[in-house]
There are 2 protein chains.
Amino acid sequence: MSTSSSASPSRAATLTDVARLAGVSIATASKAINGRAQVRAETRQRVLEAAEQLSFAPNALAKSLLQGRTGTVGLLTSDLEGRFSIPVLMGAEDAFGAGRVSVFLCDARGDAIREQHHIRALLSRRVDGLIVVGSRTDPRPPLEGDIPVPVVYAYAPSEDPRDISITADNVEAGRLAIDHLLSCGRTRIAHVSGDVTYKAAKDRARGAADALADAGLELVGGRTFFGSWSEGWGRGAARMVVERHPDVDAFFCGSDQIARGVLDALRELGRDVPTDVSVIGFDNWAVLTTNARPQLTSIDMNLEQVGRVAAKRLFAAIEGTASSGIEELPCRVVTRESTVPNG
Amino acid sequence: MSTSSSASPSRAATLTDVARLAGVSIATASKAINGRAQVRAETRQRVLEAAEQLSFAPNALAKSLLQGRTGTVGLLTSDLEGRFSIPVLMGAEDAFGAGRVSVFLCDARGDAIREQHHIRALLSRRVDGLIVVGSRTDPRPPLEGDIPVPVVYAYAPSEDPRDISITADNVEAGRLAIDHLLSCGRTRIAHVSGDVTYKAAKDRARGAADALADAGLELVGGRTFFGSWSEGWGRGAARMVVERHPDVDAFFCGSDQIARGVLDALRELGRDVPTDVSVIGFDNWAVLTTNARPQLTSIDMNLEQVGRVAAKRLFAAIEGTASSGIEELPCRVVTRESTVPNG
DNA sequence: CTGAAAGCGCTTACAG
DNA sequence: CTGAAAGCGCTTACAG
């Protein structure tokens, strides 16, 4: 069907080419192609056929130059290999709509110089706006310098309350996790989490403590066990908790990696999940949750939704309808085999 | 330090603004800013100061329109959430250099219509070239239609030998894995891999068989055990292999997920890794390899390098220096605790 | 209904 | 060394 030969790319056709082939002026060709009313049907037909025949794709650069809008946005991240940027990016791409808005992706790799280079380049290319994605929920310094277009911060909010920031509600997520475990009939709940310097870790712990307090309970051990975001820490912490608090009946883990470690330790200690102990993870990272034994219940931060909302807010800001401040979006529980009601 | 207020974005300055402020013509301003020789030093200084003061960023759209080159490329993927696109993308971004070339990222989500929309949009934006990233090494149909710019296929090669494709050498990777196990003194080697419909799975198996044959050996069980790319399959396959072939002393796994399953099964069967049995995975996916017990030796496909080379080939093609055909890049062994020499 | 002309922001010969 | 003019590809009033 396709007779394409990528071996011999031809010069892109211009409106002048189309007009010439159709035997009209470029003004008329322009109107015909853009569906303006004042064109005779027969003429429009002739122009469209010429355009088709030449595979005419209107030069967006020329259009943008006239209209002062490019229909492009820049997406700045420092965490491409991490698992935060990608869902946000997909959500944003989704919200913009395929082809309507094009996204420049830039990874600064945590390097401030590199970030400056990228910002300069993006502004030169006249992006209509910028989305800045971070990998931690700790507020970050706003972009430096005079940015003549709207900026939205996704996942990692800006320190400046006048900026627009979209992130996940980690306090509420902590509550969700505990409420889920409570609804499974658990009351002796331990919270094993990661690096305490992360705001996300502290927020989840606070939400968990609040939810337990509301139920007249408290965490096993009286506090959150902070450590690192690793399976190894999960294993060690689980062993310690079981030894000191043999009546523990549930673990709320600060990440799926920690949860995997907890699951392994519990199996080796002869505690059945979910019969004896329920386990809930965090992040809902498929490669970890679906391969776990048993499959892992986890909290999903709906990062694609964060991206989608960020894109919408950016749109609104471009249109001049400015919101501002930090908007915290809800997380959700994804139930799998590691937690069951009244287990 | 930064007095920026992202709350009040100002209109982007133009060359006319700079020229006016410096008291020169826009032609002179242009020359001064672009380092052309024919400008008096004092004049140049004045122009540069004006530009600085106005945060002047030259309009790349206007420049591109003149020069017929945009300094942008499109990166088309269908596998953003997967683990193949991101490293390739990072490598490409790396090769292009921060700010010199900007990358439009488009995720088609496996939808042909969506892909067409993205291609149209990218061509409208006059990208200088296209990189198409796939998640499987099975050759894929080339992009449809008349693409007036060079295209490079990364990881997933094009079916058309006239196209430029860069991928990883999975046959050689199979040899590398076996050679590593042989050099650890292993001779009873099993190969547990994933979905047999993947060319990558078949290629790795072929390389493994070839390397063993060169050493006068063959795979334990006389063949590769194909299954799925999951931990569950790794666990089941390992149990089966150990039962039928108790003298097995090494596992070459088709993915790190499979390897994690194999490690778990071996531990539960009381086989020590790496003393009794060596295990090598594939993909070198950090979250799996570094959290494994013991840490997992794995094959790294150097996907960033694939991206870097793809970017270079695209550059060359844009400059008119066309290469063509499939270029297969070497993989490498990343040694960790799960394999040791003469264990 | 159709087309000549101006202009978006820039660069590049070409005069002065 | 400096500047007026043409032109990249398009759209949009404005005449005809």
Side-chain angles (χ1 to χ4, degrees), chain A residues 10-48 50-51 54-72 120-121 123-128 148-149, chain B residues 10-48 50-51 54-72 120-121 123-128 148-149:
Chain A
S10 50
R11 184 183 66 84
T14 115
L15 191 59
T16 306
D17 299 331
V18 174
R20 182 167 15 219
L21 182 59
V24 298
S25 73
I26 60 163
T28 300
S30 171
K31 286 168 203 155
I33 283 169
N34 291 299
R36 295 278 172 281
Q38 338 83 309
V39 184
R40 193 152 52 112
E42 195 264 339
T43 309
R44 182 189 307 279
Q45 183 63 21
R46 215 152 18 99
V47 171
L48 290 179
L54 297 173
S55 300
F56 173 68
N59 188 324
L61 300 159
K63 237 183 227 183
S64 301
L65 200 51
L66 261 329
Q67 301 175 342
R69 274 251 198 131
T70 55
T72 62
R120 274 205 158 285
L123 293 179
S124 262
R125 297 191 193 286
R126 295 297 186 262
V127 291
D128 295 331
V149 297
Chain B
S10 51
R11 185 183 65 86
T14 114
L15 190 59
T16 307
D17 299 330
V18 175
R20 181 165 16 218
L21 183 59
V24 298
S25 72
I26 59 165
T28 300
S30 171
K31 286 168 203 155
I33 283 170
N34 291 298
R36 297 276 172 282
Q38 338 83 308
V39 183
R40 196 153 51 112
E42 196 264 341
T43 308
R44 183 189 307 280
Q45 183 62 21
R46 213 148 23 95
V47 172
L48 291 179
L54 298 173
S55 300
F56 173 69
N59 187 324
L61 299 159
K63 234 183 231 187
S64 301
L65 201 51
L66 260 330
Q67 301 174 342
R69 273 251 198 132
T70 55
T72 62
R120 272 205 160 287
L123 294 179
S124 262
R125 298 192 191 286
R126 296 296 187 264
V127 292
D128 295 332
V149 296

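Convention: sequence-line order gives letters A, B, ...; per-chain numbering from 1.
dG7(D) and dA4(C) have their P atoms separated by 16 Å, with the value rounded to a whole Å. Nucleotides dT2(D) and dG9(C) have their P atoms positioned 25 Å apart, rounded to a whole Å.
Applying the side-chain contact (heavy atoms from CB on, under 4.5 Å) test to L21(B) and every residue at least two apart in sequence or in another chain returns A50(B), Q53(B), L54(B). The salt bridge (Lys or Arg N to Asp or Glu O under 4.0 Å) test applied to R44(A) returns no partner, not counting sequence neighbours. Under the rule for a side-chain contact (heavy atoms from CB on, under 4.5 Å), the partners of S55(B) that lie at least two apart in sequence or sit in another chain are D146(A). Not counting sequence neighbours, R126(B) has no partner by the salt bridge (Lys or Arg N to Asp or Glu O under 4.0 Å) test. In terms of the salt bridge (Lys or Arg N to Asp or Glu O under 4.0 Å) criterion, R120(A) has no residue partners (sequence neighbours excluded). Contacts of R69(A) classified as salt bridge (Lys or Arg N to Asp or Glu O under 4.0 Å), with partners at least two apart in sequence or in another chain: E319(A). With sequence neighbours left out, the side-chain contact (heavy atoms from CB on, under 4.5 Å) criterion links L15(A) to I26(A), A29(A), S30(A), I33(A), F56(A).
R46(A) contributes atom CZ, which lies 5.0 Å from atom CD of E42(A) (distance to the nearest 0.5 angstrom).
Proximity of T43(A) to the phosphate of dT2(C): a side-chain N or O atom is located under 4.0 Å from OP1 or OP2. An OP1 or OP2 oxygen of dT2(D) is reached within less than 4.0 angstrom by no side-chain nitrogen or oxygen of T28(B).
In DNA chain D, runs of at least 3 stacked Watson-Crick or G-U pairs (N1-N3 plus N6-O4 or O6-N4, or N1-O2 plus O6-N3, all under 3.5 Å) give these stems: C:1-3 with D:14-16, C:5-12 with D:5-12, C:14-16 with D:1-3.
In this structure, the CD atom of Q45(A) is 17 Å from the C1' atom of dC1(C), given to the nearest Å.
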Quick one: which protein N/O atoms are closer than 3.5 Å to N/O atoms of nucleotides 7-11 of chain C? Pair and distance per line, please.
from	atom 1	to	atom 2	distance (Å)
dG9(C)	N2	A62(B)	O	3.3
dC10(C)	OP1	N59(B)	N	3.1
dC10(C)	OP2	T14(B)	OG1	3.3
dC10(C)	OP2	L15(B)	N	2.2
dT11(C)	OP1	N34(B)	ND2	3.0
dT11(C)	OP2	S30(B)	OG	2.5
dT11(C)	OP2	N34(B)	ND2	3.4

